[in-house]
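Both ligands and their constituent atoms are indexed starting at 1 by order of listing. This structure is a prediction, so every number in the text was calculated from the model and none was measured.
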Amino acid sequence: MKRYKIGILGATGIVGQNYINLLQNHPWFQIIDVAASPRSANKIYKEAVKAKWQMSISIPSSVKDLIVRDVQDIEKIPPDLSFVFSAINMPTKEQIKETEVNYAKRGIPVISNNSAHRWTPDVPMIIGEINHEHVNIIPIQQKNHGFKKGFIVVKPNCSLQSYLTPIYALEQTGYKVDKLIITTLQAVSGAGYPGVSSLDMIDNIVPYIEGEEEKTENEPFKILGKIGNNGIENDNSIKISATCTRVPVSDGHTASVNIKFKDKIPSKDEIVNIWNSFKSAPQELDLPYAPKQPIIYMENVDRPQPKKDRDKDKGMAITVGRLREDTVFDFKFIALSHNTVRGAAGGAILNAELLVNKGFIN
Ligand code: NAP
C-alpha cells in the first residue's frame with residue numbers, strides 16, 4: 001500500500017495533537033508537515049507545543065523536530081504533500097473558509113474539522129457510516145470552484161455521530177423517526193486548549209455552548225440529504241430540539257435522546273438488535289480506522305460512561321445504553337462517543353481513508 005505524505009493545519013491544538021497521536025502507526029498516512037499560527041511558526045514542533053501537549057504518549061520522534069509552518073505560508077507547502085487535515089481555530093469563520101479554499105486551489109485536498117464550510121452546499125459533511133456516498137459530489141465542487149486536484153470535505157460537530165448513527169441505523173431498517181429531543185453533556189476538551197476556565201468547570205455545569213444547539217439541530221439535515229445538481233439537498237424530515245451543556249469530563253460527549261417514530265414502532269429487542277448488527281461502508285471496505293462494530297449496546301443499567309466507554313475500539317465505536325420506553329415519546333436512550341477521536345481527528349482519518357479508497361486522493 002502506498003504511504004501518503006500528509007500535513008496537519010492547527011497541529012499544535014487539541015485536535016491537531018490527537019492527529020499526531022492517532023497517526024503515529026497509521027499504515028497509509030505519514031505526517032511530514034505541521035502548520036499553526038504565526039505564534040508557533042518557524043519553531044520546532046516540541047518547542048511550539050511545549051506544555052500544551054495533552055496526549056498521554058510522548059511526542060512521536062517523527063514529528064517532534066519538524067519545523068512548524070505558518071498556515072498562511074502556502075509557498076512552503078512540501079511539493080509531495082497528498083492532503084491536509086485542517087483543525088485551525090482562527091478569529092473568524094471567513095478566515096478559515098478562505099484558508100481552506102486557498103489550499104484546495106493549490107491542488108491540496110482539505111479534510112476539515114472546522115465548521116466554516118459545513119454549510120457550503122457543494123462541500124460534503126461526512127460521517128463514514130451514514131453518508132459516505134456524498135463524496136461523489138467532489139467533482140461538482142471542483143467544477144464549481146475551478147479546483148483541479150484539490151477539494152474540501154468536512155466532518156460534522158463533535159457530538160453528532162453519537163446519536164445520529166443510531167437514529168440512521170433505525171431509519172435504514174424502515175423505522176422512520178418523527179421527532180428527537182436531545183440533551184448533550186459535553187466534555188471540556190471540546191472547547192480546545194486552554195478552553196473553558198477551570199473555575200467555570202470544577203464543581204459546575206455550564207448550560208450553554210455558543211452555536212452548539214444550532215449545529216445539533218441543523219447538521220443532521222445535510223448529512224441525511226441527497227446529492228442534487230449544485231449541492232447537497234437537505235432532508236429535514238426529522239424535527240430536532242437540542243439543549244447542549246458543558247460538564248466537568250475531560251473527553252467524551254454524552255447525549256440523552258428521546259425519540260418519537262413516525263408510524264411503525266420497533267420493540268426494544270429489535271432496536272438493540274438493529275444497533276448491534278449495524279455495519280456500513282467503512283466496515284465493508286475494512287478501512288484501517290473503522291470500528292469493527294460501530295454501535296455497541298451496553299446492557300448494564302449504568303452504562304455508557306465517558307471514563308469507561310469512550311475508548312472502545314480505538315475511541316471510534318459509539319456506545320449506547322439505557323434504552324427504555326418514554327412516557328411522552330416512544331423511547332429514550334443514552335449515547336456516547338469520544339469527541340476528540342470519533343468526533344474530530346479519528347472521524348476525519350476515517351473520512352480520509354474513504355477518500356483514498358474511492359480514488360479521490362492519489
Ligand atoms: P485549539 O486547541 O484552540 O487549537 C487551535 C489550533 O489553531 C492551534 O494549532 C493554533 O495554533 C491554530 N491557530 C490559532 N489561530 C490561528 C491563526 N490565526 N492562524 C493559523 N492557525 C491558528 O482548538 P481545537 O480544539 O484543536 O479545535 C480546532 C478546530 O477543530 C476548531 O475549529 C474546533 O471547532 C474544531 N473541533 C474541535 C473539536 C474538539 O473536540 N476539540 C471537535 C471537532 C471539531 P497556535 O498553537 O500556534 O496558536
Exercise for the section: Please determine if Gln72 has a nitrogen or oxygen closer than 3.5 Å to a nitrogen or oxygen of ligand 1. Expected result: no
Practice task
Kindly say whether Ser61 contributes a backbone atom to a donor-acceptor pair with the side chain of Asp65 at under 3.5 angstrom?
Solution key: no
Fill in the blank from the handout: Rounded to the nearest 0.5 angstrom, the CD-CD1 distance for Gln142 and Ile152 is 10.5 Å
Completion exercise
protein heavy-atom neighbour closest to atom 40 (O) of ligand 1 works out as Asn339 ND2, 3.2 Å
Problem - Lys5 with Asp80: basic N within carboxylate O range, under 4.0 Å - result: yes
Exercise for the section: Measure the distances from the heavy atoms of Gln17 to every atom of ligand 1 and state whether one is below 4.0 angstrom. Expected result: no
Problem - Nitrogen or oxygen atoms of Gly16 and ligand 1 under 3.5 Å apart - result: no
Problem - atom 33 (C) of ligand 1 protein-contacted (non-hydrogen atom, under 4.0 angstrom) - result: no
Practice task
Find out whether the Lys NZ or Arg CZ of Lys314 is both under 6.0 angstrom from the six-membered ring centre of Tyr289 and within 45° of the ring's axis.
Solution key: yes
Problem - Identity and distance of the protein heavy atom lying nearest atom 38 (C) of ligand 1 - result: Val15 CG2, 3.6 Å
Practice task
Say whether, by atom type as modelled, one donor and one acceptor occur between the side chain of Trp119 and the main chain of Val123 under 3.5 angstrom.
Solution key: no
Handout entry: Arg39 N/O to ligand 1 N/O under 3.5 Å
Key = yes
Practice task
State the atoms of ligand 1, each with its element, that fall below the 4.0 Å cut-off from a heavy-atom position in Gly190.
Solution key: 39 (C), 40 (O), 41 (N)
Practice task
Please say whether Gly10 places an N or O atom under 3.5 Å from an N or O atom belonging to ligand 1.
Solution key: yes
Practice task
Can you pull out the closest protein heavy atom to atom 25 (O) of ligand 1? Residue, atom name and distance to 0.1 Å, please.
Solution key: Gly192 CA, 3.1 Å
Problem - atom 46 (O) of ligand 1 protein-contacted (non-hydrogen atom, under 4.0 angstrom) - result: yes
Practice task
Identify, for atom 21 (N) of ligand 1, the protein heavy atom at the shortest distance, and state residue, atom and that distance.
Solution key: Ser37 N, 3.4 Å
Problem - Reference residue Phe85; test side chain to side chain contact (heavy atoms under 4.5 Å, CB included); the match among Ile31, Leu9, Val110, Ile349 - result: Ile349
Exercise for the section: For ligand 1, find out whether one of its N or O atoms is nearer than 3.5 Å to an N or O atom of Ser40. Expected result: yes
Exercise for the section: Could you tell me whether some N/O pair between Val71 and ligand 1 is separated by less than 3.5 angstrom? Expected result: no
Exercise for the section: With salt bridge (charged side-chain N to carboxylate O under 4.0 Å, His left out) as the test, would you mind laying out the steps for Lys97 and Glu100 before giving the verdict? Expected result: CA-CA 5 Å; Lys97 263 190 177 176; Glu100 295 186 340; over 6 Å; no
Exercise for the section: Assign the ring pair Trp28 / His26 to parallel, tilted or perpendicular, where the plane angle (0 to 90°) is split at 30° and 60°. Expected result: perpendicular
Exercise for the section: Please say whether Gly343 places an N or O atom under 3.5 Å from an N or O atom belonging to ligand 1. Expected result: no
Exercise for the section: Answer yes or no: is there a donor N or O on one side and an acceptor on the other, between the side chain of Lys279 and the main chain of Glu284, under 3.5 Å? Expected result: no
Problem - Nearest non-hydrogen protein atom, atom 4 (O) of ligand 1 - result: Gly13 CA, 3.2 Å
Exercise for the section: Check each atom of ligand 1 against the heavy atoms of Thr12 and keep those under 4.0 Å away; list them by number with element. Expected result: 8 (C), 9 (O), 10 (C), 11 (O), 45 (P), 46 (O), 47 (O)
Problem - Ligand-residue contact atoms, ligand 1 with Ser189, heavy atoms, under 4.0 Å - result: 39 (C), 40 (O), 41 (N)
Handout entry: Nearest candidate to atom 13 (N) of ligand 1, where distance is taken over non-hydrogen atoms, out of Thr92, Asn113, Asn89
Key = Asn89
Problem - Distance from atom 29 (C) of ligand 1 to nearest protein heavy atom, with residue and atom - result: Asn114 OD1, 3.3 Å
Problem - Per-atom contacts of ligand 1 with Thr340, taking only distances under 4.0 Å to non-hydrogen atoms - result: 40 (O)
Handout entry: Candidates Phe29, Tyr4, Phe151, Tyr103 - the one meeting ring pair (Phe, Tyr, Trp, His ring centres under 6.0 Å) with Phe83
Key = Phe29
Exercise for the section: Report yes or no: does Arg118 contribute a side-chain atom to a donor-acceptor pair with the main-chain N or O of Asn113 at less than 3.5 Å? Expected result: yes
Exercise for the section: Would you kindly say whether Glu212 and Asn157 are connected by a side-chain donor-acceptor distance under 3.5 Å? Expected result: yes
Handout entry: Protein residue, atom and distance nearest to atom 6 (C) of ligand 1, heavy-atom basis
Key = Ala87 O, 3.7 Å
Exercise for the section: With heavy atoms only and a cut-off of under 4.0 Å, state how Lys52 meets ligand 1: side chain, backbone, both or neither. Expected result: side chain
Practice task
State the atoms of ligand 1, each with its element, that fall below the 4.0 Å cut-off from a heavy-atom position in Cys158.
Solution key: 42 (C), 43 (C)
Exercise for the section: Looking only at protein heavy atoms, identify the closest one to atom 2 (O) of ligand 1 and say how far it is in Å. Expected result: Ile14 N, 3.0 Å
Handout entry: Test: Lys64 cationic atom under 6.0 Å from Tyr45 six-membered ring centre, within 45° of axis
Key = no
Problem - Heavy-atom nearest option to atom 18 (N) of ligand 1, drawn from Lys93, Met90, Gln186 - result: Met90
Exercise for the section: Evaluate the side-chain proximity of Leu350 to Leu354: yes if any heavy-atom separation is below 4.5 Å, no if none is. Expected result: no
Handout entry: Exceeds 12 heavy-atom contacts within 6.0 angstrom, atom NZ of Lys105
Key = no
Completion exercise
Per-atom filter on ligand 1: closer than 4.0 angstrom to a heavy atom of Ala344 are 42 (C), 43 (C)
Practice task
Check the surroundings of atom NZ in Lys143: do more than 12 heavy atoms from other residues, nucleotides or ligands lie under 6.0 Å from it?
Solution key: no
